[in-house]
Amino acid sequence: MRKVLELKLDSMSHFLSKTDFETIRKEVEEAKRTLLNGSGPGQEFRGWLDLPVTFDEDELNRILTCAKKIRSMANVLVVIGIGGSYLGTRAAVEALRPYFSSRKRMEIIYAGQTLSSQYLSELLFYLKNKEFAINVISKSGTTIEPAIAFRALNNLLKAKYGDEASKRVFVTSDRKKGALKKLANQQQYESFVIPDDIGGRFSVLTPVGLLPIAAMGISIKRLLAGAKAARNHYLNASYWKNDAMLYAAARNLLYRKEIPCEMLVNYEPKLNQLAEWWKQLFAESEGKDGKGLFVASASFSTDLHSLGQYIQEGRRLLFETVIQINEPQKDVLIEKEPSDFDGLNYLAGKTLDVVNKRAFEGTLMAHISGQVPNLILNLDKLDPYSLGYLFYFFELAVGISGYILGINPFNQPGVEQYKKNMFRLLDKPGIQ
């Protein structure tokens, strides 16, 4: 049976013992039971737990049909959304598409994730001579960043395509209510539903993520299959055979040892946007009630030339969780240079992936010697199945970890405060 993901704890022996893991075992097992039986706070937002096995086949086929339609009418898809409405999509697309695409490939652009006037202005100019479609994602339709972007981009669509503009707008929103849902009904936009029982940061395997991911030509069936395999394993595996439970345990043990920050590290830049998704998942789930690890990310070896000095010799405040890909999609053989002008002939005959992995091993040894704990997540390869597996792994781990902390991992009350202040400063009616 294919081993998709493996948590390696060997490098943790300097920092956490088997006894440490045993001391927290009952808490982890109780947190998992609380999550699965729905007895904890936020239980109404656990729909993602069974989504990989309950996803409606007819709805999946409708998504695939719609994705094909988008590709037939446009060479650019603009995904309008913020937070969980676009981070999962971007993580999957960046991980699974080539770095350098041919002109014939579908292009995906994101909007509504920023209030930058320059970004939106340049985007509108860029799209004037492009065949484009819009997927606007919002439960309410009134979140200010995506709402402003949609207003501007929809006006451009109308100016460019006239009466046909509505056929180029695809809506993912609430099942029954909200300004966007009302508009979709009025304009007869093709619409998909954000499930009521799944919060935004857990929504990548709903139509929120699946429609734009499918429009990019990525197999969403394989993505769901990987998540299903992860669910089947992690919901049934016992503590010492359950990497999601052990990851949650390790994070909380290190937190209790007053290491307040976790840094997600990769050696493959295709995972940079996955780190952005992961940061929202963990920060928004656990950062409340004065609790939670601060989460950050880095891409090595690039960031070893900036952050590396601090990690090695700075204040001891972080641990690293490193995602290592066992099998690269592509590789480069280093050839012998007759003059050896750069002194690299000792690498001749080796592949670049071998060099990258030796960089990982050398960095791991250096950081451990510098008293930086390291958790290693070995991912067999970077394909839709493995990525779906990884998505589910992190979602389950954060649910368990949140209940270990004694908080509700499925709400985000602190997010609203900045909005109230901003609306007051903008003189929004009804805001005191």
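Starting from 1, each residue takes its place in the sequence as its number.
Side-chain atoms of S173 come within 3.5 Å of backbone N or O of S138 as a donor-acceptor pair. Here the side chain of R168 pairs a donor or acceptor atom with the backbone of M73 at under 3.5 angstrom. Put simply, the side chain of Y189 never gets that close to the backbone of K181: no donor and acceptor are under 3.5 Å apart. Between the side chain of Y255 and the backbone N or O of G292 there is at least one donor-acceptor pair closer than 3.5 Å. Side-chain N or O atoms of D289 include none that pairs as donor or acceptor with a backbone N or O of K291 at under 3.5 Å. At distances below 3.5 Å, not a single donor-acceptor pair connects side-chain atoms of N154 with backbone N or O atoms of F150. A donor-acceptor pair under 3.5 Å is absent between the side-chain atoms of Q324 and the main chain of I376, judged by distance alone. Under a 3.5 Å cut-off, the side chain of N374 and the backbone N or O of V372 do form a donor-acceptor pair. Put simply, the side chain of S285 gets close to the backbone of P409: a donor and an acceptor are under 3.5 Å apart. Put simply, the side chain of D243 gets close to the backbone of L7: a donor and an acceptor are under 3.5 Å apart.
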Begin from the C-alpha positions of N252 and S401 and carry the test side chain to side chain contact (heavy atoms under 4.5 Å, CB included) through to its verdict. CA-CA 7 Å; N252 280 274; S401 186; 2.9 Å; yes
When you look at D303 and I311, which way does the side chain to side chain contact (heavy atoms under 4.5 Å, CB included) test go after all the steps? CA-CA 10 Å; D303 290 334; I311 295 170; over 6 Å; no
Checking K139 against D196 for the salt bridge (charged side-chain N to carboxylate O under 4.0 Å, His left out) test, could you report, in this order, the C-alpha distance in whole Å, the side-chain angles of both residues, the deciding distance, and whether it holds? CA-CA 9 Å; K139 272 231 171 190; D196 293 334; 3.7 Å; yes
Pair N236, N242 - check side chain to side chain contact (heavy atoms under 4.5 Å, CB included), show working. CA-CA 8 Å; N236 296 298; N242 193 317; over 6 Å; no
List the steps and the verdict of side chain to side chain contact (heavy atoms under 4.5 Å, CB included) for Y247 and V28. CA-CA 10 Å; Y247 176 54; V28 178; over 6 Å; no
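If you run side chain to side chain contact (heavy atoms under 4.5 Å, CB included) between P384 and each of I218, L224, I220, I213, only I218 comes through. Tested against I148, the residues L120, L153, T143 include a single side chain to side chain contact (heavy atoms under 4.5 Å, CB included) partner, L120. Partner Y110 forms a side chain to side chain contact (heavy atoms under 4.5 Å, CB included) with one of I80, V78, T89 and no other, that one being T89.
In plain terms, the two heavy atoms of S203 and G200 that are nearest each other are OG-O, 2.6 Å. Smallest separation of non-hydrogen atoms from P207 and I63: CG-CD1, 4.0 Å. Closest non-hydrogen pair, P373 versus L318, comes out as CD-O, 3.8 Å. Shortest non-hydrogen contact noted between R201 and N411 is NH2-O, 3.1 Å. The nearest pair of heavy atoms linking L5 to F393 is CD2-CG, 3.5 Å. Nearest heavy atom pair, residue L180 against residue G141, reads CB-CA, 3.6 Å.
Here D50 pairs with R231 in a salt bridge; the nearest charged N to carboxylate O distance falls below 4.0 Å. With salt bridges taken as basic N to acidic carboxylate O contacts below 4.0 Å, none links E29 and K32. Contact check on D331 versus K350 returns no salt bridge, with no Lys/Arg side-chain nitrogen under 4.0 Å from an Asp/Glu carboxylate oxygen. A salt bridge is absent between E276 and R90: the closest approach of a Lys/Arg side-chain nitrogen to an acidic carboxylate oxygen does not fall below 4.0 angstrom.
Atom NZ of K419 sits in a crowded spot, with more than 12 heavy atoms from other residues, nucleotides or ligands closer than 6.0 Å. Heavy atoms from other residues, nucleotides or ligands lying under 6.0 Å from CD of Q186 number more than 12. At most 12 non-hydrogen atoms from other residues, nucleotides or ligands lie less than 6.0 angstrom from CZ of R175. More than 12 heavy atoms of other shown residues, nucleotides or ligands fall within 6.0 angstrom of atom OH in Y418. The environment of NZ in K228 is sparse: at most 12 heavy-atom neighbours from other residues, nucleotides or ligands sit within 6.0 Å. Atom OH of Y239 sits in a crowded spot, with more than 12 heavy atoms from other residues, nucleotides or ligands closer than 6.0 Å. Within 6.0 Å of the CG atom in N37, the count of heavy atoms belonging to other residues, nucleotides or ligands exceeds 12.
At least one side-chain heavy atom of L396 sits less than 4.5 Å from a side-chain heavy atom of L35. Contact of the Y392 side chain with the L51 side chain is not registered, since no non-hydrogen atoms from C-beta on lie closer than 4.5 Å. Counting heavy atoms from C-beta on, the side chains of T302 and P269 never come closer than 4.5 Å. The shortest side-chain heavy-atom distance between N272 and E94 does not fall under the 4.5 Å cut-off. T363 is not listed as a side-chain neighbour of V322, based on a closest heavy-atom distance of 4.5 Å or more. Y403 has its side chain out of reach of E30: every pair of non-hydrogen atoms, C-beta onward, lies at least 4.5 Å apart. Within the 4.5 Å cutoff, the side chain of F202 has heavy atoms near those of the V398 side chain. Taking the side chain as every heavy atom from C-beta outward, L157 and F132 approach each other to under 4.5 Å.
Interatomic distance, N266 CG to I325 CD1, rounded to the nearest 0.5 Å: 7.5 Å. Atom CZ of residue F394 and atom CG of residue L281 lie 8.5 Å apart, to the nearest 0.5 angstrom. Rounded to the nearest 0.5 Å, atoms OG (S219) and CG (D383) are 9.5 Å apart. For the atom pair CG of L264 and CG of L375, the computed distance is 10.5 Å after rounding to the nearest 0.5 Å. Atom CE of M245 sits about 8.0 Å away from atom OG of S238, to the nearest 0.5 Å. Taking CG of L405 as the reference point, atom CD of E286 lies at 5.0 Å (rounded to 0.5 Å).
Figure legend: cation-pi geometry between K270 and Y99, with NZ or CZ positioned under 6.0 Å from the six-membered ring centre and within 45° of its axis. Relative to the six-membered ring of F410, R46 misses at least one condition, a distance below 6.0 Å or an angle of at most 45° to the axis.
Less than 6.0 angstrom separates the ring centroid of Y234 from the ring centroid of Y389.
Side chain to side chain, Q273 and Y86 fail the donor-acceptor criterion of an N or O pair below 3.5 Å. Under the 3.5 Å distance criterion, with hydrogens and angles disregarded, no donor-acceptor pair is assigned to the side chains of D353 and T351. With 3.5 Å as the limit, one finds no donor-acceptor pair spanning the side chains of S166 and Q188.
Residues meeting the salt bridge (charged side-chain N to carboxylate O under 4.0 Å, His left out) test with E27, sequence neighbours left out: R256.
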